Engineer: 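Pasting in a structure now, in structure tokens, and then I'll have a few things to ask.
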Amino acid sequence: MTAASSNASRPTGPTGPAGADRRAALAILTEVIDRGRPLDAAMDAAFSGAGAALPVRDRAFARALATAALRHRGGLTRLVGALLDRPPKGRARQMLPLLHLGLAQIFHMNVADHAAVSATVALAPKPYRGLVNAVLRRAVRDRARLASLVAADGVDLPAWLFTRWQKTYGAETAAAMARAMAVEPPLDLTARHDPAALAQATDGRLLATGSVRLVRPPAVDTLPGFDQGAFWVQDAAAALPVALLGDVAGRRVADLCAAPGGKTLQLAARGARVTAVDRSAERLATVRANLDRCGLDARIVAADLTEWTPDAPFDAILLDAPCTATGTLRRHPDVAWHRGAADVAKLAALQRRLAARAAGWLAPGGRLVFSTCSLEPEEGPAVARHLAQACDDLAPQPLGDAAAEAARLAPDAPEGLAAALAGFADAEGWLRTRPDQWAELGGLDGFFAARFVKPG
Ligand SMILES: C[S@@+](CC[C@H](N)C(=O)[O-])C[C@H]1O[C@@H](n2cnc3c(N)ncnc32)[C@H](O)[C@@H]1O
């Protein structure tokens, strides 16, 4: 196991037929890599139909294995290159995902070498068993030499992304971000009412910002309070943009680009009269299901925001815009391989367009927060600057010190939230979180948020 291990290991519990877990992992990885399917969708597909019979323990292992193979894809590709005399051609290329799975177990998981090798070889079609066996055995034998080949900073990420991060954040921070991306993240929950009670009930850690953090959690729907809607899953950084809107109780609030709904739930739980807009009816069904589970309500509108117009202005607006999501690679490592530099430019243009439209829907005296889960400056500070320049009647409200932030928060905000927000301010006063921050607590997703006010 290398220093950047996912620490993923086999959970306890009954198992299904021999090899079913690794076969599911192979199906997931093949869907993601060969067919460009998002990891979550590929997992849903693998665990439905015949896959629904797979025991919880096998599912967890399949999920951990496929995720580790994607999280370390850059390094695994390099390892395969070093282990094969020449790149595989034609049908032999089909063995690549299998080799990645085998090597992920050997280098990044707590799996015994003999089990990693024999169970992976068993999945190979007969003509390729010898090849897979030879490659994996050689990997075990040469582990120390090979580990040094994949020890370089950023080796697991596609070059387009790591080079960008080095340019934007500097070599040291980019390396720390890449290291943080290689580690299995904790599970963060947002409480509907009482974060302290939720932390106690789930044996979690109450963070200064009010989120509850669980390291090595059981399945979410087995946690106490799930059926009663006491919480929803939301990274601690993803919960911050709503806090920037301050006290929303009784206010008309637009949640633009709302699905799957973490921020809609936060707003509704704080007493806002929420209009949640998203163009995906399918994803809005998840918002509705989560609202129902938590006993909350919101007006849901399925519409394209480049065309939709509200019938009256809003007291507050959150625009959590579509983005490359490079801040969420800890949970969605597939994103790095499905996106490229051209997507950054394309999505940044859409963000500018949506932000300018949203600004026109804000009532005088209202606040607007623009956010993305991207680490790319074009999808954060550049959009915020553009909005400030393009809209005469909108003023940026930079993050201040802890006292200034405390005065802007809702009266029942968690005690440590104002200081935490102040600590996340970048040089321009926008909110910027990075995966290497709060490392001792298990890290954070990368988020950007900019706050504006429309003078009354
Ligand atoms: C980053 S996700 C939003 C996450 C959400 N705010 C949350 O906290 O759960 C972006 C969303 O934007 C939606 N979207 C993308 N383009 C859109 C458009 N032109 N109009 C409306 N929604 C759009 C997508 O369907 C997607 O659900």
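Just so you know, ligand 1 is whichever comes first in the structure, and atom 1 is the first atom listed for that ligand. What you see is a predicted model, and the numbers here were worked out from it, not measured in a lab.
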Engineer: Could you work out, for atom 15 (C) of ligand 1, the closest of Cys373, Ala239, Pro322, Pro260 by heavy-atom distance?
Structural biologist: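 Comparing heavy atoms across Cys373, Ala239, Pro322, Pro260, the nearest one to atom 15 (C) of ligand 1 lies in Pro322.
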
Engineer: In chain order, what residues pass the side-chain contact (heavy atoms from CB on, under 4.5 Å) check against Trp337, with sequence neighbours excluded?
Structural biologist: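 Only Arg73, Pro158 meet the side-chain contact (heavy atoms from CB on, under 4.5 Å) criterion with Trp337.
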
Engineer: For atom 20 (N) of ligand 1, what's the nearest protein heavy-atom neighbour? Residue, atom name and distance, please.
Structural biologist: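 For atom 20 (N) of ligand 1, the nearest protein heavy atom comes out as Leu305 N, 2.9 Å.
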
Engineer: Classify the contact between Lys263 and ligand 1 as side chain, backbone, both or neither, using a heavy-atom distance cut-off of under 4.0 Å.
Structural biologist: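 Near ligand 1, Lys263 shows its backbone as well as its side chain.
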
Engineer: If you take the nearest heavy atom of each of Gln351, Arg279, Arg357, which one is closest to atom 21 (C) of ligand 1?
Structural biologist: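 The residue whose heavy atom sits nearest atom 21 (C) of ligand 1 is Arg279.
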
Engineer: So which of Cys257, Ala238, Ala325, Ser280 gets nearest to atom 12 (O) of ligand 1, if we judge by its closest heavy atom?
Structural biologist: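 Going through Cys257, Ala238, Ala325, Ser280 one by one, Cys257 has the nearest heavy atom to atom 12 (O) of ligand 1.
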
Engineer: Can you list the atoms of ligand 1 that are under 4.0 Å from a heavy atom of Asp320?
Structural biologist: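 What qualifies from ligand 1 is 1 (C), 3 (C), 4 (C), 5 (C), 6 (N), 7 (C), 8 (O), 10 (C).
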
Engineer: Enumerate the atoms of ligand 1 whose separation from the nearest heavy atom of Gly261 is less than 4.0 angstrom.
Structural biologist: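 Under 4.0 Å from Gly261, ligand 1 has these atoms: 7 (C), 9 (O).
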
Engineer: Please list, in number order, the atoms of ligand 1 under 4.0 Å from a heavy atom of Arg283.
Structural biologist: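 Going through ligand 1 atom by atom, the ones under 4.0 Å from Arg283 are 2 (S), 25 (O), 26 (C), 27 (O).
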
Engineer: So, Glu376 versus Thr326: side-chain donor-acceptor pair below 3.5 Å or not?
Structural biologist: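 Indeed, the side chains of Glu376 and Thr326 share at least one donor-acceptor pair under 3.5 Å.
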
Engineer: Any idea which atoms of ligand 1 are less than 4.0 Å away from a heavy-atom of Gly262?
Structural biologist: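 Here the atoms of ligand 1 in question are 7 (C), 8 (O), 9 (O).
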
Engineer: Quick check on contacts: which atoms of ligand 1 are under 4.0 angstrom from a heavy atom of Ala303?
Structural biologist: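 Listed by number with element: 20 (N), 21 (C).
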
